[in-house]
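Notes for the one structure printed next.
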Amino acid sequence: MSIEVAVRAEAVLGGAPTWDHASGTLLWVDVLGSEVHRYSPGRGDDAVLAVPQHVGAAKPRARGGLVMNLRDGVALVDEDGAKTWLVYWARDGYRSSDAAVDAAGRLWAGTARYDGEPTGWLARVEPNGDAKVVLNGVGAGNGIGWSPDGALLYHADSAARRVDVLDFDRDSGDATNRRVVAEVDRGRPAGLCVDASGAIWVALPGGAAVRRYAPDGRLDAEVELPVGQPTACAFGGHDFTDLYVTTARAGDAPGELAGSVLVVPGAGEGQPSTAFAG
């Protein structure tokens with residue numbers, strides 16, 4: 001597979017790529033740089049919005065604007081830049097991690113300790129701001145995704161070096177019966193996405209690659225990358241066949257392209273993202 005540079009950048013910790021199909025752009029963040037980026041492949045530009053604190057993810061809202069998983073909680077940001085806290089759970093020593101929106105328009109937001117201790121959590125946030133912790137004891141939760149039929153929820157725990165799967169009820173939002181679907185022996189599993197066939201694509205910081213796992217956890221493909229710290233991946237483009245990969249300058253041997261956004265054209269067939277309903 002060919003690998004191209006979509007955005008040449010120097011993100012400290014890039015992450016959370018999301019294809020916004022309403023605008024034909026890619027949202028991504030620099031977590032520790034406190035920046036939200038919007039890349040337009042058609043124009044070749046990357047607009048940057050500085051935010052006041054570390055940001056784990058930014059996702060489109062159905063009514064316009066963005067929902068952001070910030071260090072101190074989840075915030076709604078209107079198109080004019082006005083910010084409103086939807087959930088505020090600030091705790092010393094903790095930061096936001098990845099987030100994703102399920103098919104019903106609920107946000108799943110992760111929180112992790114800066115020191116990596118396994119006391120973070122994954123919460124389900126309803127459009128009205130009601131929030132419930134679904135997973136506790138997370139070391140560094142990152143990737144979140146769903147199977148094409150919506151029956152399974154996948155979650156990557158970087159510190160534990162594994163990808164878990166839970167049974168998922170779309171109507172209630174309940175996620176139960178957590179078990180391991182894949183143990184990772186190269187780098188650490190970070191941001192993930194699930195393609196239209198149900199395969200799980202996982203970025204491997206420290207592993208210089210993105211791996212594709214079959215739904216049963218079997219490793220069936222690996223894409224070597226020219227960076228040491230790929231952090232997350234998502235399908236985008238008008239037909240959802242281009243795999244975008246965020247990277248980080250943090251870590252060993254950053255390399256010339258560390259912190260940039262890479263793209264692997266024609267890597268597979270992804271699923272459209274869902275906008276947050278709040």
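Transitive grouping of hydrophobic side chains (ILVMFWY, heavy atoms separated by less than 4.5 Å) brings Leu257 and Ile3 into a common cluster. Val55 and Val31 fall within a single hydrophobic cluster, where Ile, Leu, Val, Met, Phe, Trp and Tyr side chains are chained together by heavy-atom contacts under 4.5 Å. In the hydrophobic cluster analysis, where Ile, Leu, Val, Met, Phe, Trp and Tyr join through side-chain heavy atoms closer than 4.5 angstrom, Val261 is grouped together with Val263. Taking hydrophobic clusters as Ile, Leu, Val, Met, Phe, Trp and Tyr residues chained together by side-chain heavy-atom distances below 4.5 Å, Tyr213 shares a cluster with Val165. Residues Val181 and Leu153 are members of separate hydrophobic clusters, defined by side-chain heavy-atom contacts under 4.5 angstrom among Ile, Leu, Val, Met, Phe, Trp and Tyr.
Of the possible polar contacts, one joining the Ser147 side chain to the Ala151 backbone as a donor-acceptor pair under 3.5 Å is found. Between the side chain of Thr231 and the main chain of Ala248, no donor-acceptor pair closer than 3.5 Å is present. Listed for the Asp169 side chain is no donor-acceptor partner under 3.5 Å among the backbone atoms of Gly173. Looking at Asp78, its side chain never comes within 3.5 Å of a backbone N or O of Asp80 through a donor-acceptor pair. Checking side-chain atoms of Lys59 against main-chain N and O of Ala99 turns up a donor-acceptor pair under 3.5 Å. Of the possible polar contacts, none joining the Ser34 side chain to the Pro52 backbone as a donor-acceptor pair under 3.5 Å is found. No side-chain donor-acceptor contact under 3.5 Å links Asn177 to the backbone of Asp167. Between the side chain of Gln53 and the main chain of Asp72, a donor-acceptor pair closer than 3.5 Å is present. In terms of modelled atom types and a separation under 3.5 Å, the side chain of Glu35 and the main chain of Leu49 share no donor-acceptor contact. Within the 3.5 Å criterion, the main-chain N or O of Val7 finds no donor-acceptor partner in the side chain of Asp46.
Within the 4.5 Å cutoff, the side chain of Asp242 has no heavy atoms near those of the Val264 side chain. Using a 4.5 Å cut-off on side-chain heavy atoms (C-beta onward), Leu225 and Val245 make contact. Taking the side chain as every heavy atom from C-beta outward, Met68 and Val74 never approach each other to under 4.5 Å. Using a 4.5 Å cut-off on side-chain heavy atoms (C-beta onward), Val125 and Leu86 make contact. The shortest side-chain heavy-atom distance between Val163 and Leu192 falls under the 4.5 Å cut-off. Within the 4.5 Å cutoff, side-chain heavy atoms of Leu70 are placed close to those of Trp85. You'll find the side chain of Leu262 reaches within 4.5 Å of the side chain of Val5, heavy atoms only. When side chains are defined from C-beta on, Thr247 does not count as touching Gln229, because their heavy atoms never get closer than 4.5 Å.
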Under the side chain to side chain contact (heavy atoms under 4.5 Å, CB included) criterion, do Asp130 and Arg124 qualify, and how do the steps go? CA-CA 8 Å; Asp130 290 344; Arg124 183 184 68 231; over 6 Å; no

Start with the C-alpha distance between Asn142 and Ser158, add both sets of side-chain angles, then the distance that settles side-chain hydrogen bond (donor to acceptor under 3.5 Å, both in side chains), and finish with yes or no. CA-CA 7 Å; Asn142 284 297; Ser158 296; 2.6 Å; yes

Set out, in order, the CA-CA distance, both residues' side-chain angles and the distance that settles salt bridge (charged side-chain N to carboxylate O under 4.0 Å, His left out) for Glu222 and Arg186, then state yes or no. CA-CA 11 Å; Glu222 187 169 88; Arg186 176 178 179 177; 2.6 Å; yes

Using the side chain to side chain contact (heavy atoms under 4.5 Å, CB included) rule, take Val67 and Val77 through it: C-alpha gap first, then chi angles, then the decisive distance, then the call. CA-CA 6 Å; Val67 58; Val77 180; over 6 Å; no

Worked verdict on Asp164 versus His155 for side-chain hydrogen bond (donor to acceptor under 3.5 Å, both in side chains): CA-CA 5 Å; Asp164 293 335; His155 178 254; 4.9 Å; no

I'd like to know whether Leu135 forms a side chain to side chain contact (heavy atoms under 4.5 Å, CB included) with Arg178, so could you lay out the CA-CA distance, the side-chain angles of the two residues, the decisive distance to 0.1 Å, and finally the verdict. CA-CA 9 Å; Leu135 294 180; Arg178 181 184 184 185; 3.8 Å; yes

Could you please spell out the steps behind the side-chain hydrogen bond (donor to acceptor under 3.5 Å, both in side chains) verdict for Arg212 and Ser197? CA-CA 11 Å; Arg212 181 182 190 267; Ser197 73; 3.2 Å; yes

Applying side chain to side chain contact (heavy atoms under 4.5 Å, CB included), run through Leu66 and Val36 and close with a yes or a no. CA-CA 10 Å; Leu66 300 171; Val36 175; 4.2 Å; yes

Applying side-chain hydrogen bond (donor to acceptor under 3.5 Å, both in side chains), run through Thr25 and Arg38 and close with a yes or a no. CA-CA 6 Å; Thr25 59; Arg38 186 183 289 274; 2.8 Å; yes

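Every residue meeting the salt bridge (charged side-chain N to carboxylate O under 4.0 Å, His left out) condition with Arg106, not counting sequence neighbours, appears here in chain and number order: Asp102.
Checked against the 6.0 Å centroid criterion, the rings of Trp108 and Phe168 qualify as a close aromatic pair. Ring centroid separation for the pair Phe235 and Trp201 comes in under the 6.0 Å cut-off.
How far CG of Leu204 is from CD of Glu224: 9.5 Å, rounded to the nearest 0.5 Å. One finds the CD1 atom of Ile200 at 11.0 Å from the CG atom of Leu219 (value rounded to the nearest 0.5 Å). The CG atom of Asp20 lies 5.5 Å from the CG atom of Leu27; values are rounded to the nearest 0.5 Å. Atoms OG and CZ, on Ser96 and Arg71 in that order, are 9.0 Å from each other to the nearest 0.5 Å. The distance from the CZ atom of Arg113 to the CG atom of Asp115 is 4.0 Å, given to the nearest 0.5 Å.
The minimum heavy-atom distance between Asp98 and Gly143, with the atom names listed, is OD2-CA, 3.7 Å. Nearest heavy atom pair, residue Trp28 against residue Pro17, reads CB-CA, 4.2 Å. Closest approach of Leu243 and Cys193 over heavy atoms only: CD1-SG, 4.1 Å. Gly56 and Ala16 get closest at one heavy-atom pair: O-CB, 3.4 Å. The shortest heavy-atom contact between Ala182 and Gly217 is CB-O, 4.2 Å. Nearest approach of Thr18 to Pro60, heavy atoms of both residues: CG2-CD, 4.2 Å.
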Ignoring hydrogens and angles, write down the donor-acceptor pairs under 3.5 Å from the side chains of residues 265-278, residues two or more places apart or on other chains.
{"residue": "Gln271", "atom": "NE2", "partner": "Trp146", "partner atom": "O", "Å": "3.3"}
{"residue": "Gln271", "atom": "NE2", "partner": "Val194", "partner atom": "O", "Å": "3.0"}
{"residue": "Ser273", "atom": "OG", "partner": "Trp19", "partner atom": "O", "Å": "2.8"}

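Note on ring orientation: taking the six-membered ring where Trp is involved, the planes of Trp121 and Tyr94 are tilted (angle from 30° to 60°).
The local environment of CZ in Arg63 is sparse, with at most 12 non-hydrogen atoms from other residues, nucleotides or ligands closer than 6.0 Å. Residue Arg162 places its CZ atom among more than 12 non-hydrogen atoms of other residues, nucleotides or ligands, all under 6.0 Å distant. For Arg43, the CZ atom counts as loosely surrounded, since its 6.0 Å shell holds 12 or fewer non-hydrogen atoms of other residues, nucleotides or ligands.
For the pair Arg249 and Asp30, the salt-bridge criterion is not met [side-chain N within less than 4.0 Å of a carboxylate O].
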